[in-house]
Peer 1: 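Quick one: this structure, given as structure tokens, is what I'll be asking you about.
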Amino acid sequence: MSLGEFDLIARYFSRPTRRSDVLLGVGDDAALLAVPPGMALVAATDTLVEDRHFLRGSPPDSIGHQALAVNLSDLAAMGASPAWALLSLSLPEVNESWLEGFASGLHALADRTGIELVGGDTVRGPLVVTIEVLGFVDPALALRRSGARAGDLLFVSGTPGEAAAGLDVLRELLNSGRPTDADAVARDPLVRRYRYAEPRLGLGHALRGRATAAMDVSDGLLGDLEKLCAASGVSARLDLDRLPVSQELAGRFDRAACEHYLLQGGDDYELLFTLPVDGATALLPELHAACAVTCIGELTHGEGVTCVRAGVTVAVPGGGYDHFR
Ligand code: ADP
Ligand code: MG
């Protein structure tokens, strides 16, 4: 290793403290953090493993972005305000240009969302990135998966499916063996959606105390909706005709492929949420100000998810991504 562990941390991960609630950040045995009185601490962690969560050779800034974005998305889904992050980094070698890119992707998203890196761990091993995020929320307003009731309307943010399509675009290029113009690939809007997902923090805030249930879609809309239904003890009727197909997807794939990406594709990190019918319409302008949202169905009594096309129930091979299946 050209650069020692301590120099590496100092150079790439230790920055002047930005938040006044960070009493002690990187450099001591642990961070000292001041939680605002009356707030609940919200904690989440997610790990990215090379070849499983990102492709070998991915631009390092996209890995830094993605590692933080997937965690921020969990805070968004709880309606929480991001505050602090810890980074555990396992690196096969010290590659300074890789670290430079990785840190810039991570810090750019951190600065934009007001979260501060306050500690972590650095070890030698296979490329694995684990981030833990901490935030806070008024516990009375926190969003959970479990509060949806029969009769509530079901919404999704943004245009899910694009990230999964972007991943397929990348995989196809890799498998084709054709020479690729890396810059052109990097500019592809679908590839960008996969690499630089935007956590829906503003929408999460707007939903606080209003949505009866919420979760982020990490493993596919259908599978994640099943989880929300199970947590709430209700069933959902999903209207396939109302799925928000992006222009980009519609322009490049047929209807069946678009539907497949929308229902089964992961990695978009959109929010899935439910609103009581009363007041939903009045709330929409405020939600739209944070992010486009689409009503895609409703909650009913029963269990599981029913998909409907042109008023007729259709079977959709379902299930989200499961690491152990
Ligand atoms: P210790 O051996 O006491 O756990 P370390 O040498 O692992 O301490 O870490 C020294 C300091 O650097 C700690 O404050 C730790 O939180 C921080 N740190 C280590 N690795 C990282 C990293 N990848 N990103 C941010 N902070 C880190
Ligand atoms: Mg340590």
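Every number for a ligand or one of its atoms is a count from 1 in the order of the listing. Since the model is a prediction, treat every value here as computed from it, not as a measurement.
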Peer 1: Compute the centroid of each ring, for Tyr12 and then for Trp98, and state whether the two points are separated by less than 6.0 Å.
Peer 2: no
Peer 1: With heavy-atom distances below 4.0 Å as the criterion, list the atoms of ligand 1 near Glu5.
Peer 2: 6 (O)
Peer 1: Tell me whether Leu271 shares a hydrophobic cluster with Val70, the cluster being built from Ile, Leu, Val, Met, Phe, Trp, Tyr side chains joined at under 4.5 Å.
Peer 2: no
Peer 1: Please answer whether the main-chain N or O of Gly114 pairs with a side-chain N or O of Arg19 as donor and acceptor at a distance below 3.5 Å.
Peer 2: yes
Peer 1: At less than 4.0 angstrom from any non-hydrogen atom of Phe6, what atoms of ligand 1 do you find?
Peer 2: 6 (O)
Peer 1: For the side chain to side chain donor-acceptor pair (under 3.5 Å) test, which of Arg252, Arg193, Arg195 pairs with Asp188?
Peer 2: Arg252
Peer 1: Roughly how far, to the nearest 0.5 Å, is CG of Leu225 from OG1 of Thr274?
Peer 2: 10.0 Å
Peer 1: Do any nitrogen or oxygen atoms of Gly27 lie less than 3.5 angstrom from nitrogen or oxygen atoms of ligand 1?
Peer 2: yes
Peer 1: Using a strict 4.0 Å cut-off to heavy atoms of Gly119, name the atoms of ligand 1 that fall inside it.
Peer 2: 16 (O), 24 (N), 25 (C), 26 (N), 27 (C)
Peer 1: Do any N or O atoms from the side chain of Asp216 and from the backbone of Tyr269 form a donor-acceptor pair under 3.5 angstrom?
Peer 2: no
Peer 1: Counting each atom of ligand 1 from 1 as listed, which ones have a heavy atom of Thr122 under 4.0 Å away?
Peer 2: 19 (C), 20 (N), 21 (C), 22 (C), 23 (N)
Peer 1: Below 3.5 angstrom, do we get any N/O pair linking Gly120 and ligand 1?
Peer 2: yes
Peer 1: Could you name the option among Asp29, Val26, Leu117, Asp28 that has the heavy atom nearest to atom 10 (C) of ligand 1?
Peer 2: Asp28
Peer 1: Hey, is Tyr12 one of the residues with a heavy atom under 4.0 angstrom from ligand 1?
Peer 2: no
